[in-house]
Protein chains: 2
Amino acid sequence: MEDDSWVPPAVLVAVDLVIFTLRESRLQVLLVERGIDPFRGALALPGGFLAHPEEDLLDTAHRELAEEAGFAADQLHLEQLGVYGTPGRDPRGRVVSVAYLAITPRLPEPVAGTDASDAWWIPTDRALSPDTRLAFDHRRIVADGVERARTKLEHSALATAFCAPLFTISELQEVYEAVWGVRLDPRNFYRKVQSVDGFIEPAGPVRKTENGRPARLFRPGPRQSLHPPMNRPPATERTPS
Amino acid sequence: MEDDSWVPPAVLVAVDLVIFTLRESRLQVLLVERGIDPFRGALALPGGFLAHPEEDLLDTAHRELAEEAGFAADQLHLEQLGVYGTPGRDPRGRVVSVAYLAITPRLPEPVAGTDASDAWWIPTDRALSPDTRLAFDHRRIVADGVERARTKLEHSALATAFCAPLFTISELQEVYEAVWGVRLDPRNFYRKVQSVDGFIEPAGPVRKTENGRPARLFRPGPRQSLHPPMNRPPATERTPS
DNA sequence: GTAGCTTCCTGTCAAACTGACAGGAAGTGC
DNA sequence: GCACTTCCTGTCAGTTTGACAGGAAGCTAC
């Protein structure tokens, strides 16, 4: 500060994406196999550096989302997760990475026509298990993403981002059960979810078939924050069998 | 990506601090008057660039905290708030700023012996009012900080960070009332706050005098997350007279 | 000392919410 | 038709919430 000729140091800024979806009733995250060093062969979050010095961070996230996973901007939830800038987290040099949390409904095909062709949906509990090797500090970032999703489910309408535009109440319950790793009583869930003011609203008299009695369809309501919040049961912390 | 000679762009990384405290029963934020262009004379959050290319972000935050406000590392709560990297937010060039949220108990002297001598505690509602000119996008950052504090008060023990090591229940209530901008019933607050498991614990038979009947003292409990959460009343959104 | 003031703390009560559970409604396949 | 599925409505006891009464324990004024 005292030295007028002092110039602040410049660092590389990257964007990493934690993309969540629900598949086979489990919370899964999109990971790519790295084709280059460092961490060649390890799994990593999709992401990359700013394309040019004036690219907005959110634009970078959207661009990577399209390039690496083929997602259009408007079909998913996207929010900032945090910054990860510990020196030494990237062996190539100082890289500050901005992590974004993206949530998408289950898509017809896993990952189609992507730039990084070696991309897979991995259940989060497997991604976080000790014997899965993740590049950089991406294990921590995934863990933070899971934690964020868990708490946001309590007092925001985030769960609907996992669902198609129209969904049934049991589909919504499936989201809560998968992310929280708990079983919920369908009847109490049914009552609760409809009593929270602008959470979900009925979508016409339309119905839908599968196996049993047809279920009513709902769409996301206007409310983003839930009052009163959804009640997370005292953590059995076991994935529902 | 296709061009092997492509080099990712480097940008400047700064750290900004949203430092909250409680003074005169109001939530206040520490702002400094800028002595240099751009935004000379406007109010801004304390902060600065990385001192050297290998400085950790959290270290930068602690260093600025000490330099600009004279706070030691261990006497306050510090957490990451978010990243602000819109191109054009700093007229001098591309700057990506990492905002940290700091919370400190009320201190004997406002701001003593600081580097930036023109620092003041400003009530947040005044800082956010239209006729206060804040530098850069700091208005947005302060607003995000307030919002973060409000929601974290609901389901974390953050409120105790505003208090001295030992505090009374009414002091704790004062925090909730100031940050939420609501009046709470002391009797219900008293009951609720003690029923939440590890939130606060009694600190000896010690007492303390002021004006009326002496109050029992408490210290922060081990629990960081509150189950069940504190209940935020349906937003009158008026500061308590 | 007592009256009057302050703030702190305990207790009560009705309304609302929660968790556990019974059982009927509306589809499917056989 | 029957068995089986899932969806939806209801009941009921235990807990939590919000509103409020009133006593306890300090201070100051007289």
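Just so we're on the same page: letters track the sequence lines, and every chain starts at 1. These figures come from a predicted structure and were not determined experimentally.
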Strictly under 3.5 Å: I want the nitrogen or oxygen pairs between protein and nucleotides 1-4 of chain C, one per line.
none

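Take Asn188(A) and apply the side chain to side chain donor-acceptor pair (under 3.5 Å) test, not counting sequence neighbours, and it matches Arg191(A).
Listed for the Glu64(B) side chain is no donor-acceptor partner under 3.5 Å among the backbone atoms of Pro46(B). In this structure, His138(B) contributes its side chain and Leu45(B) its backbone to a donor-acceptor pair below 3.5 Å. A donor-acceptor pair is defined here as one N or O able to donate and one able to accept, closer than 3.5 Å; such a pair exists between the side chain of Arg148(B) and the backbone of Gln80(B). The closest donor-acceptor contact from the side chain of Thr124(B) to the backbone of Leu27(B) lies under 3.5 Å. Looking at Arg139(B), its side chain does come within 3.5 Å of a backbone N or O of Ser129(B) through a donor-acceptor pair.
Counting only N and O atoms by type, the side chains of Tyr84(B) and Asp16(B) include no donor and acceptor under 3.5 Å apart.
Of the residues in residues 211-224 of chain A, those lying under 4.0 Å from DNA chain C by heavy-atom distance are Asn211(A), Gly212(A), Arg213(A), Pro214(A). Only Asn188(A), Arg191(A), Lys192(A), listed by number, bring a heavy atom of residues 188-198 of chain A to less than 4.0 angstrom from any atom of DNA chain C.
A 4.5 Å side-chain heavy-atom check between Leu58(B) and Tyr100(B) finds at least one atom pair inside the cut-off. You'll find the side chain of Leu217(B) reaches within 4.5 Å of the side chain of Thr168(B), heavy atoms only.
Closest non-hydrogen pair, Leu128(B) versus Ala143(B), comes out as CD2-N, 3.8 Å. Thr132(B) and Arg126(B) make their closest contact through OG1-O, 2.7 Å (heavy atoms, listed as atom of the first residue, atom of the second, distance).
Leu226(A) has its CG atom 15 Å from the P atom of dC17(C), to the nearest Å. Nucleotide dT18(C) holds its P atom 17 Å from the CZ atom of Arg232(A), rounded to whole Å.
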Side chains of residues 192-206 of chain A: which donor-acceptor partners sit under 3.5 Å, not counting sequence neighbours?
from	atom 1	to	atom 2	distance (Å)
Lys192(A)	NZ	Pro229(A)	O	3.2
Ser195(A)	OG	Lys192(A)	O	2.9

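Interface limits on DNA chain D: the 5'-most and 3'-most nucleotides within less than 4.0 Å of chain B heavy atoms are dT17(D) to dC27(D).
Using a 4.0 Å heavy-atom criterion, one finds that Ser170(B) contacts the sugar-phosphate atoms exclusively.
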Q | Stepwise salt bridge (charged side-chain N to carboxylate O under 4.0 Å, His left out) check, Asp144(B) with Arg140(B) | A | CA-CA 6 Å; Asp144(B) 288 352; Arg140(B) 168 57 107 85; 3.4 Å; yes

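Looking at which nucleotide of DNA chain D each of Arg187(B) and Pro229(B) is closest to, the 5′-most match is held by Pro229(B).
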